[in-house]
**Q** 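If you scroll down you'll find the structure; I have some questions about it.
Fair warning: this is a prediction, and the values are worked out from it, not measured in the lab. Each chain gets a letter, A, B and so on, in the order the sequences are listed, and its residues count up from 1.
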Number of protein chains: 2
Amino acid sequence: MANAHPRKKRESASPSPTPGATVTSRALALLGSFDSAHPRLSLSEMARRAEIPVATAHRLSSELVFWGALERSGQDYVVGHRLWKLGLLAPVRKNIGELAAPYMQDVLFVTQNVVNLFILEDDHVLLLERLSGTRSGAPFRRVGEQLPLHASAAGKAILAFGAPDLWETALENMARAGQMTEHTISSPAQLRREVAMVRERGYATTSQEAGLDNFGIAVPIISSDGTCTASLGVVTQNQPVAVGPIVPVLRIAARGIGRRISLGGEY
Amino acid sequence: MANAHPRKKRESASPSPTPGATVTSRALALLGSFDSAHPRLSLSEMARRAEIPVATAHRLSSELVFWGALERSGQDYVVGHRLWKLGLLAPVRKNIGELAAPYMQDVLFVTQNVVNLFILEDDHVLLLERLSGTRSGAPFRRVGEQLPLHASAAGKAILAFGAPDLWETALENMARAGQMTEHTISSPAQLRREVAMVRERGYATTSQEAGLDNFGIAVPIISSDGTCTASLGVVTQNQPVAVGPIVPVLRIAARGIGRRISLGGEY
DNA sequence: GATCCGCTTTCCGTCTAATGGAAAGTTTCG
DNA sequence: CGAAACTTTCCATTAGACGGAAAGCGGATC
């Protein structure tokens, strides 16, 4: 025989097949290894982040790629086209984002500033929709980003007009998070004062609280059932926002959005 | 003993456990059962559409809900929040959509019409981004929707300036698809004539070809490497678009987008 | 140009986790 | 109030998932 070892026989297979994880959870963990800071990953990075063996990661990602949940880009993996399309069907975006967009346009028309729509999610606010023109400077936040309640105009607006039990959540977060910049509110008393002022004035502002050179105004979006879980705002870089002319514009838009929200039910 | 049947003993379990499907493929099939026409589904509808037994569908969807890929909305299931956020990381949207948005704003400012960005996907065009103001009438297309190459301004613009091998794909589709309205182009000769004209003029139009009361103009977006896989356009309802003043605006925006596309590599 | 290192991909013996029919529980409807 | 349709739970069976090992693949480094 020419060939002494046609194929090496492997006797041990997988001594510790698995702890207690389901296939689906692993596949989802792979998807979950992507985030805005890691939009493209190699196989071994995915495996590391998802904490599953490479061999398993390899098999599963192939399936995800086959379906279109992931795509290969050179040697790396990226989120697939099909997943994006699927995400468009999510009620948050369909019910609020799409509805609000035209009103946000109006604000952009008039103010020429970056316009943001934030919604409340758990213990923070989430940037749901963002508009910017070619003249409004580079937007520094991305749709899908999150900010704490106490360090954003959007968050404070919701805090002032939203459900009262948000208050403790916000305080806990503030204590846990520490300051993002030297201007970040960091004492309960200060936050209380600030929020009271927001409630009185009807709008919230930030001055470099979540980032230097980062100014913003936001007004609450109060839906037709009286609840407030969203806010509309504009942000500028370098110089403070011109509150006077902008607040009325935001108010009108926010009322327009609020009127139409939650007539169609929950999101 | 007081209890004769503490628990009925089941002897048969699952005679035909499975054909040849993987767990992952089933889970993905469940996700795939959602589309723009079916954004919310009951368990049994999901199971039916995905062609898997309800019991299995039930188990898997629970896991999907647990992770956040799906959410429950009353008795039904909808696409989850987390999936939407994940979708935002898809290169299509991040690399082209975000880049194009500010230019599209400019067009909206000037023309006050619904502005659409389509990209080429397989044998059709896909609506990647859409802007509309409060004054531009109800937009009738949704982001994520698809149109055939031969029955849309966007498609014809890409057909005229894009890769030559698109031509046969378009013809095949046209033959297969049939007319969407009485105005839809349906003969190869007619399409050829139309596309030649688009190439000469530099822009494409449609008049009720994809839907009645549905008029549009589109110009190609030619990226800095000379290829064309996207187009920018406006649409109106009821009356034809005013070509004269709009085309130059679209051209400028499309050039701006094209210049910046594909410097960062593929999407 | 040989050696090493880290990565992707393939292989396959073992065995756990997935399976789905059936039954029970729940809501809807006439 | 019974029938129909749907959701949820159960569990005996086994098909599919598992992952260590080894092979293959660049691209650094000496």
**Q** A:Ser44 side chain N/O closer than 4.0 Å to the phosphate oxygens (OP1, OP2) of C:dG6?
**A** no
**Q** Taking the six-membered ring of A:Tyr77, is the NZ or CZ of A:Arg40 close enough (under 6.0 Å from the centre) and on axis enough (within 45°)?
**A** no
**Q** Just the rounded figure in Å: distance from C1' of C:dT8 to CG of A:Asp76.
**A** 12 Å
**Q** Which nucleotide, C:dT8, D:dT7, C:dT9, lies nearest any side-chain atom of A:Ser42?
**A** C:dT8
**Q** Side chain to side chain contact (heavy atoms under 4.5 Å, CB included) with A:Leu128: which of A:Asn116, A:Val143, A:Ile119?
**A** A:Ile119
**Q** Counting only heavy atoms not in A:Arg49, do more than 12 sit closer than 6.0 Å to its CZ atom?
**A** yes
**Q** Tell me which of A:Ala55 and B:Leu60 sits closer to the 5' end of DNA chain C, going by the nucleotide each one is nearest to.
**A** A:Ala55
**Q** Assign each of A:Val54 and A:Val23 to its nearest nucleotide of DNA chain C by heavy atoms, then name whichever residue's nucleotide is nearer the 5' end.
**A** A:Val54
**Q** In whole angstrom, give the distance that lies between atom CG of A:Leu41 and atom C1' of C:dT8.
**A** 15 Å
**Q** Write out all pairs satisfying salt bridge (charged side-chain N to carboxylate O under 4.0 Å, His left out) with one or both partners inside residues 80-92 of chain B, taking only residues at least two apart or from two chains.
**A** A:Glu121-B:Lys85
**Q** What is the distance, rounded to the nearest whole Å, between atom CD of B:Glu63 and atom P of C:dT19?
**A** 9 Å
**Q** Can you see if the side chain of A:Arg26 gets near the phosphate of C:dA18 - specifically, an N or O under 4.0 Å from OP1 or OP2?
**A** no
**Q** In whole angstrom, give the distance that lies between atom CG of A:Leu30 and atom P of D:dG19.
**A** 12 Å
**Q** Would you mind reading off the distance between B:Gln75 atom CD and C:dG25 atom P, rounded to a whole angstrom?
**A** 17 Å
**Q** How long is the line joining CG of B:Leu70 and P of D:dT7, in whole Å?
**A** 14 Å
**Q** What is the distance, to the nearest angstrom, from the CE atom on A:Met46 to the P atom on C:dC7?
**A** 14 Å
**Q** Counting N and O atoms only, with roles assigned by atom type, does the side chain of B:Ser231 sit under 3.5 Å from a partner on the main chain of B:Ala154, one being a donor and the other an acceptor?
**A** yes
**Q** Which whole-number value in Å describes the distance from B:Leu43 CG to C:dT26 C1'?
**A** 14 Å
**Q** Check this one for me: any side-chain N or O of B:Arg59 less than 4.0 Å away from OP1 or OP2 of C:dA18?
**A** no
**Q** I want to check one thing: is the phosphate of D:dA17, taken as OP1 and OP2, less than 4.0 Å away from some side-chain N or O of A:Thr56?
**A** no
**Q** Is there a side-chain contact between B:His58 and the phosphate of D:dT8, meaning an N or O under 4.0 Å from OP1 or OP2?
**A** yes
